[in-house]
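So that the names make sense, note that chain A is the first sequence line, chain B the second, and so on, each numbered from 1.
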Amino acid sequence: MCPSPQGKPLPSCPIPPTPLRLSFGPSGPLILSLPMSQVRVRFAPSPTGFFHIGSARTALFNWLYARHTGGKFILRIEDTDKERNSEAFLQVILDSMHWLGMDWDEGPSVGGEYGPYFQSQRTELYQAKLKELAAKGRAYEKDGAWWLRLEGARSTVFDDHLKKEIEKVDAAPMVLHDMVRGQVARAEDRDFVLFRSNGEPVFHFVNVVDDIEMKITHVIRGEDHLSNTSKHLEIFKAFGVEPPKYAHIPLILKTDGPGKMSKRDKGALIEEYQQRRYLPAAVRNYLCLLGWTPADGKEVLPIDEIIRQFEISAVHQSNARFDERKMSHINAQTLRLLPAADFATLARPILIETKTIDASVSETRLAEVLGIVQEKVISLEHLPEFMGFFFTADFKKDEGAMANLKKKGGDPVARIRELLPTLEAAEWTEPALEAAFAAVGTANERKPTDYFAPARFAISGQGGGAHLLGVLRVLGRDTTLARLKAFAA
RNA sequence: GCCCCCUUCGUCUAGCCCGGUCCAGGACACCUCGUUUUCACUGAGGUAACUGGGGUUCGAAUCCCCAAGGGGGCGCCA
């Protein structure tokens with residue numbers, strides 16, 4: 001069955017069925033896919049800048065589609081513009097893709113039977129393909145460059161936008177059956193350049209040639225390419241080759257202000273989230289939600305589940321604004337769902353790097369602290385300040401919290417003095433400590449909670465944090481009492 | 001200027017294809033109250049949207065037309 005898109009024309013079923021997966025017991029799974037339906041998608045970045053969040057999302061949708069259908073995900077580097085490319089820029093892309101957990105089946109460092117996967121190494125192919133078009137009369141030389149010859153009646157007109165005389169061609173519209181937009185028709189009206197006069201091929205040409213040569217079946221790319229697609233379809237037509245299926249996905253817009261996210265916008269670069277200790281799974285999860293909604297309506301979900309549910313037909317048609325607060329929320333949720341051992345593995349190096357702990361802190365001790373902290377902390381970035389007081393007496397004191405204490409509870413020092421004797425006599429378990437607070441409250445005709453905030457501030461310098469009784473238990477009797485005494489002194 | 005795409009709470013969206021179940025549901029943010037205590041956890045509640053105008057229809061967020069707004073493209077950049 002065709003997955004049914006909402007409110008979109010569906011000219012023909014553009015989505016190949018998911019390959020049949022049949023298990024045959026211990027001899028191993030056997031995947032039967034229909035011969036014609038092996039999906040081949042590609043992400044084709046140009047290493048001319050940084051790894052932009054929009055590029056990451058495009059890569060992700062391609063990757064998800066490949067994984068969902070059991071197809072191949074190909075990474076192809078479009079480095080035809082020598083002026084603007086560099087090794088370092090390429091590395092940024094590869095690193096960010098690895099960080100986000102996207103692996104490729106063919107491409108740099110893994111190879112593949114349709115390589116090389118760098119366009120700068122495929123120039124002979126492009127020359128040969130150009131000759132092919134020239135031989136067919138569909139490409140011609142002018143001003144030292146090679147142009148695609150459109151088919152249709154020609155006329156010379158003055159173009160207001162370009163402010164010059166141009167030759168227009170009355171070519172038939174190219175009709176695209178886009179998987180997310182339905183039928184889109186657009187006519188090219190001018191011949192366009194295939195090869196520059198400096199001998200280098202242009203994007204439109206190499207993109208199509210490589211998609212043909214690499215047997216790409218589906219092109220999933222940003223909507224900013226939608227208008228270019230008529231050029232690409234003209235080139236496919238000139239070669240006499242059936243074009244792949246296209247899916248033009250919506251763009252990611254700036255959080256506020258006009259236009260799409262650009263390299264210079266805050267939060268536009270994947271490496272920023274890496275530096276800020278975001279969980280890659282959370283960033284990836286959020287990116288999936290920009291332009292697509294899982295059928296079950298859940299927002300925080302594991303990648304296996306996203307792969308299972310991902311459908312191109314469910315991709316949105318309208319652009320979405322980037323909202324870091326929502327991503328931050330997903331990050332916090334994801335952090336909370338992490339198994340304790342994984343949380344510790346992530347936390348330890350950060351805590352060592354920030355000198356919150358040193359290497360001598362045992363796994364057991366760290367696990368104890370992290371155990372009460374994980375459910376409350378909202379990001380790994382904030383972890384050091386959140387739990388630093390467990391490992392040093394020289395912790396930072398939050399002045400705002402102190403001011404708030406005085407405003408709400410009166411005299412915090414007096415409260416600690418009232419609390420101290422009972423606490424010293426108490427057994428150091430959570431129920432016993434809770435009982436101690438209750439007893440002090442009753443004795444002084446106060447609510448037990450009047451003592452919580454002063455106690456927390458005295459031992460941590462903070463106004464909030466992990467569950468207080470847990471903090472007392474983990475911090476230990478001696479340290480806790482010493483800090484309370486110091487505070488009351 | 002020409003061409004293409006889009007239009008539901010401040011934001012991300014569900015619903016739209018197959019009109020009534022929607023005085024439009026969820027999430028983020030915000031506000032209120034609660035909670036073993038400021039902010040970040042958690043619980044309960046709240047504010048908040050079908051861009052506008054015409055049709056079609058007993059009935060339209062849902063179908064049609066127009067307009068407006070937003071986005072993108074129009075390079076010997078990718």
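The side chain of A:Q317 contributes no N or O atom lying less than 4.0 Å from OP1 or OP2 of B:rU8. Residue A:T293 has a polar side-chain atom (N or O) positioned under 4.0 Å from OP1 or OP2 of B:rA14.
Here the CZ atom belonging to A:F51 is positioned 11.0 Å from the CG atom belonging to A:L90, to the nearest 0.5 angstrom. Atom CG of A:D296 sits about 7.5 Å away from atom CZ of A:R308, to the nearest 0.5 Å.
A:G464 comes within 4.0 angstrom of a base, heavy atoms only. Among the heavy atoms of the strands, none lies under 4.0 Å from A:G144. Here A:L226 lies in heavy-atom contact (under 4.0 Å) with sugar-phosphate atoms only. When heavy atoms are screened at a 4.0 angstrom cut-off, A:Q333 is found touching the sugar-phosphate backbone but no base atom. Residue-level contact check: A:D189 touches neither bases nor backbone, having no heavy atom under 4.0 Å from any strand. In this structure, A:A44 reaches neither bases nor backbone, as no heavy-atom distance under 4.0 Å exists between it and the strands shown. Across all strands shown, A:K260 has heavy atoms under 4.0 Å from sugar-phosphate atoms exclusively, and none from any base. Within 4.0 Å (heavy atoms only), A:H329 reaches sugar-phosphate atoms of the nucleic acid but no base atom. As judged by a 4.0 angstrom heavy-atom cut-off over every strand, A:E223 is placed among the base-contacting residues. A:D398 comes within contact range of at least one nucleobase, with a heavy-atom separation under 4.0 Å.
Ion pairing of A:K260 with A:D224 is present here, as a side-chain N (NZ or NE/NH1/NH2) and a carboxylate O approach within less than 4.0 Å.
For the C1' atoms, the distance from B:rA48 to B:rC23 is 15 Å, rounded to whole Å. Comparing B:rU42 with B:rG25, their C1' atoms are spaced 23 Å from each other, to the whole Å. Between B:rA60 and B:rC17, the two C1' atoms lie 15 Å apart (nearest whole Å). For the C1' atoms, the distance linking B:rC66 with B:rU7 amounts to 15 Å, nearest Å. The separation of B:rU57 from B:rA24, taken at their P atoms, amounts to 27 Å, rounded to a whole angstrom. Rounded to whole Å, the C1' atom of B:rC76 lies 28 Å from the corresponding atom of B:rG71. The C1' atoms of B:rC77 and B:rC50 are separated by 41 Å, rounded to the nearest whole Å. When the P atom is compared between B:rG19 and B:rG10, the two are found 29 Å apart, to the nearest whole Å.
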Distances for protein N/O vs nucleotides 10-12 of chain B N/O pairs under 3.5 angstrom?
residue : atom : partner : partner atom : Å
B:rC12  : OP1  : A:R321  : N            : 2.9

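With respect to A:R221, the side chain to side chain donor-acceptor pair (under 3.5 Å) criterion is satisfied by exactly one of A:T229, A:T58, A:N62: A:T229. Residue A:D191 forms a side chain to side chain donor-acceptor pair (under 3.5 Å) with just one option from A:K142, A:R149, A:R154, and that option is A:R154.
Residue order along RNA chain B, read from the 5' end via each residue's closest nucleotide, puts A:A185 first among A:A185 and A:L251. In terms of position along RNA chain B, the nucleotide closest to A:P454 lies nearer the 5' end than the nucleotide closest to the other residue of the pair A:P454 and A:F386.
The side chain of A:H225 has B:rA78 as its nearest neighbour among B:rA78, B:rC41, B:rC4. Nearest nucleotide to the side chain of A:S227, out of B:rC4, B:rC76, B:rA78: B:rC4. Of the candidate nucleotides B:rA78, B:rC41, B:rC5, B:rA78 has the atom lying nearest to any side-chain atom of A:H204.
Taking the six-membered ring for Trp, A:H225 and A:H248 have ring centres at least 6.0 Å apart. Checked against the 6.0 Å centroid threshold, A:F457 and A:F452 do not count as a close aromatic pair.
Between the CD1 atom of A:I252 and the P atom of B:rG72 there is a distance of 13 Å, given to the nearest Å. Summarising the geometry, the separation between CG on A:L233 and C1' on B:rC4 is reported as 13 Å, rounded to the nearest angstrom.
For a distance-only test at 3.5 Å, the side chain of A:S197 qualifies as a donor-acceptor partner of the base of B:rC76. A donor N or O paired with an acceptor N or O is found under 3.5 Å between the base of B:rA78 and the side-chain atoms of A:N228.
The cationic atom of A:K231 (NZ for Lys, CZ for Arg) lies less than 6.0 Å from the six-membered ring centre of A:F192 and within 45° of the ring axis.
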